[in-house]
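One structure below.
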Amino acid sequence: MVAVLEDRLDLVIQQVGSTILGKERAIRLALSCLLARGHLLIEDLPGMGKTTLAHALARCLGLHYQRIQFTSDLLPADILGAAVYERQRETFVFHPGPIFAQLILADEINRATPKTQSALLEAMEEGQVTIEGETRKLPAPFFVIATQNPAYQIGTFPLPESQLDRFLMRIELGYPDAQAERALLEGEDRREILARLPVCMTPAQLHELQGRLTGVHVAPPLLDYVQALLAFSRQTSRFRGGLSPRAGLGLLRAARAWALLHRRGHVLPEDVQAVLPAVVGHRLHPSDDHLEQSSATLVGQLLGAVAVPA
Amino acid sequence: MRWSWKNRSRRTKPAKPPEAPLSSLALAWLLAALVLAAAPHAVELPVWLSALFAVVAGWRGFIALRGLSLPPRGLLLALALLAGAGVLIDYRTLFGRDAGVALMVAMAACKLLETGGLRDGVVLVFLGYLLVMSNLLYSQEILMVAYLFAAVLVMLAAQALIHRPHSGLRGWAPLRLAGGMVLQAIPVMLVLFILFPRIPGPLWGLPKDAYKGRTGLSDEMMPGTVSELVRSDTVAFRARFAAATPPPNQRYWRGPVLWRFDGRRWSRHEELPANTPTPFVAEGAAVDYSVILEPSNRRWLFALDLPASLPPRAGMTASFQLLRDQPINEVYRYEMRSYPHYRTGELTAAERFRGLQLPARGDPRARALAAQWRERMTRPEDRVGAALALFREQAFYYTLTPPLLGPDSVDDFLFRTRQGFCEHYASAFVFLMRAAGVPARVVTGYQGGETNDLGGYFIVRQSDAHAWAEVWLAERGWARVDPTAAVAPGRVREGLYAALADPGLLPFLARGGGGEYEWLRQLALSWDSLNNSWNEWALAYGPDRQKEFLSGLGFGPVDWAEMTVAMTVALGGFGLLAVVWRWGQRGARDPVARAWQRFCARLARRGLARGAHEGPLDFTERVAASRPELAAPVREIGRLYALLRYGPTGSPADVRQLRRRVGQFRL
């Protein structure tokens, strides 16, 4: 049974990979994020396949999918839903908003006002929403993929650092390489491929896999390594503020998911290193002396500076 | 199993900038260290240069604080040229100790304004160490050395921060690190100090001006030379007697002997020192003692009348003066033996001629008086007595501030002013004796001194400087006569302070015990005792002292080759100790880690070193990619190690398997 379930993960990666070509690493990260019950932020230019990735994941995992296009006039009620008066029944009836889905694509999240953003982010954190005094549970699993466009910041409300922290990972898709791009250009319409994608897993199976995460062994030397990473991020003068304990927990969870995805019963330093850029990239900020350095450079320095205990 | 390593290799490596900028923390420490290193120089540097250094240090700090950019090159060049020109104008040279130090401080200031990166920082650190050392050219006192130790500590802390910008050292941590390093270095320092073969004389030549400005006796005597000198309470030398301290009237420390008189100035006659003690007949017991001489930039050594032994590298003139082969520019310790009661031999014709020399003209009244004595008294002893009686019975005063003397200085002093210090009395007495036909000479040196009960040694200060006379008498040879004692008997018995008519002019420490502020005096003496130990054991540790110390440890006579061997063995021992300690640390680790390290070390020797941040599987995959023929065993070792290290349970069978595979692994 165990093998079967994890075979299905490979199947998911393969199927989604046939839609988003040449982005296996991003797909694996997104899947690890999902397994670790975290939310994902994709930061990239338009047209890089953010929506397609979210849609394909939802389809292969058999999740109920909703896409919310964020605009500056979007109100919290547009996401959460609202109670509407029904004349026939002479009562208010709650019309759930698009958030009541298992996988939500929050497109261009930085276009909405902070009020609307925080409505979504609170729902992400709590797993439930409270509307008109009534608390409603969100479906499980509940997974948000938010996208934001880093290039055009005019008329946007960039997510503050405290909100960024709620995303377990932030990834970039980037341009496909030449070979993948050729296949993309030669292939058929993505929408048709999406429609044909098989469902590889049930939500219940996904839930079981998420539960197995705690069974992935973490040895003391690995904790030493994670602590060394955290300590270095706090001591060095390169970063403005080090990694929080929440970041540390997230890092370990994501590394476990990555190990599980690679069918390993224990976490290796390599697993931590694989998820580290996605997990801490949006949580580290260069200090005033190192403002010109990109977050990728900073994380590279963090990785390079901390030795793996032998 | 399926791995997706091919994407992993694309991880962005941090792009190394051409030169890492100094962190503001490192810069702050560096600034503090440089200011500490340069601060003692403020005493002798021109004011403008000290101010320039302070302003530049402040400016550089401000730049770092506000994140401003460094001043343009042109400005720096102009500043450097201006500072160099300023030094040239101030000292009229760029060479020598003072100008050299000034130039170094100026250039350090300019370099500070240029310092942005690691390389500049390192250059400044070394400049800073040089600045620290240059302070020793001015003072080697214990306080200065302690201060310089502190400066070195701060410099080390700055250096640590410069070299390890991301070490995360905050607060006092860099200082603690530096302290640890210094503590580890102390055994090495002691071994080098004790065993490094000492050579006579300075290790390297120092510019001539390095020794200027030292107070002390001169080889000429004029009215006023000694009375100027005694206003200083600087220590001239310290002595330690093997047995009891001799009584005050035997504490005549012999220095330059002056023969030649030109009517105003007494000067030396060039005498070649012999390398055997000048013979004389000793009467009574010897006094054994050691002298710890302060630097004087003069060749002469002081000894009690009359010296009967020769320190190494020293010679003795016919007039019993000790001379070393090189000027004393370091604290110098030597052992001496003297006989307070003696009879010297016959007078040579040359000595008689020199001992009766007088200027051709001048001082007619003194000559007339002497001629009278010569006529009236046949025995030279009586003429000596007559002169002393003159001083005793007439109204002569012993004073630090005698009136000025006219061209006939001896007449003027004897018959008009009658106020003088010891040089006046010695000069007039020898003049009278020569005019009366008794060979005589002036001896300068120190008389008296005080015992420091705390250290059990004897302190002689510049304020104990003295001049007395020696006359040659047929039965006794050269006999000491102190005309000052005839005027002021207390000078010899109780010291200068008690004997002077105007003692208020003397410095505090030269005033002797029992007065006001006795506690302050005691404090000063305790401090002097500490300084004396420092002098005896650290500064005076020259070639002779080294030999003495090592043979005192029971090694017998040791030559420099043996010392070099001993030093190498000791240093090698320390190195070995460190290696063994590290080995012990290593051995304490578990067998899995040891096997893995052996494996990694073996690969590293073939140019396949594991990066510090490389995980086991990443590493073995990389090795497998570059050496496909090793892929299978390497991957298996990597898998086993990863499992044992990070897996839930490590079975002993797996451990054995890993060790066996590592043991069988061949490149």
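Within a 6.0 Å radius of CZ in A:Arg37, other residues, nucleotides and ligands contribute more than 12 heavy atoms. Other residues, nucleotides and ligands contribute more than 12 heavy atoms inside 6.0 Å of the CD atom of B:Glu629. Around the CZ atom of A:Arg182, the shell of radius 6.0 Å holds no more than 12 heavy atoms that belong to other residues, nucleotides or ligands. Heavy-atom contacts from other residues, nucleotides or ligands closer than 6.0 Å to CZ of B:Arg606 number 12 or fewer.
Residues satisfying the salt bridge (Lys or Arg N to Asp or Glu O under 4.0 Å) criterion with A:Arg59, sequence neighbours excluded, are absent altogether.
Between B:Arg610 and A:Val308 there is a side-chain heavy-atom pair separated by less than 4.5 Å.
Residue pairs that meet the side chain to side chain donor-acceptor pair (under 3.5 Å) test with at least one member in residues 12-22 of chain A, sequence neighbours left out, do not exist here.
Looking at B:Leu643, both its backbone and its side chain come within 4.5 Å of chain A, counting heavy atoms on both sides.
Pairing each heavy atom of A:Pro269 with each of B:Gly615, the nearest pair is CB-CA, 4.4 Å. Of all non-hydrogen atoms in A:Ala219 and B:Gly647, the two that sit nearest each other are CB-O, 4.4 Å. Here the closest heavy-atom approach between residue B:Tyr646 and residue A:Leu268 is recorded as CD1-CD2, 3.5 Å.
In this structure, CD on A:Gln273 lies 7.0 Å from NE2 on B:His613, to the nearest 0.5 angstrom. Residue B:Glu621 holds its CD atom at 9.5 Å from CD of A:Glu270, rounded to the nearest 0.5 Å.
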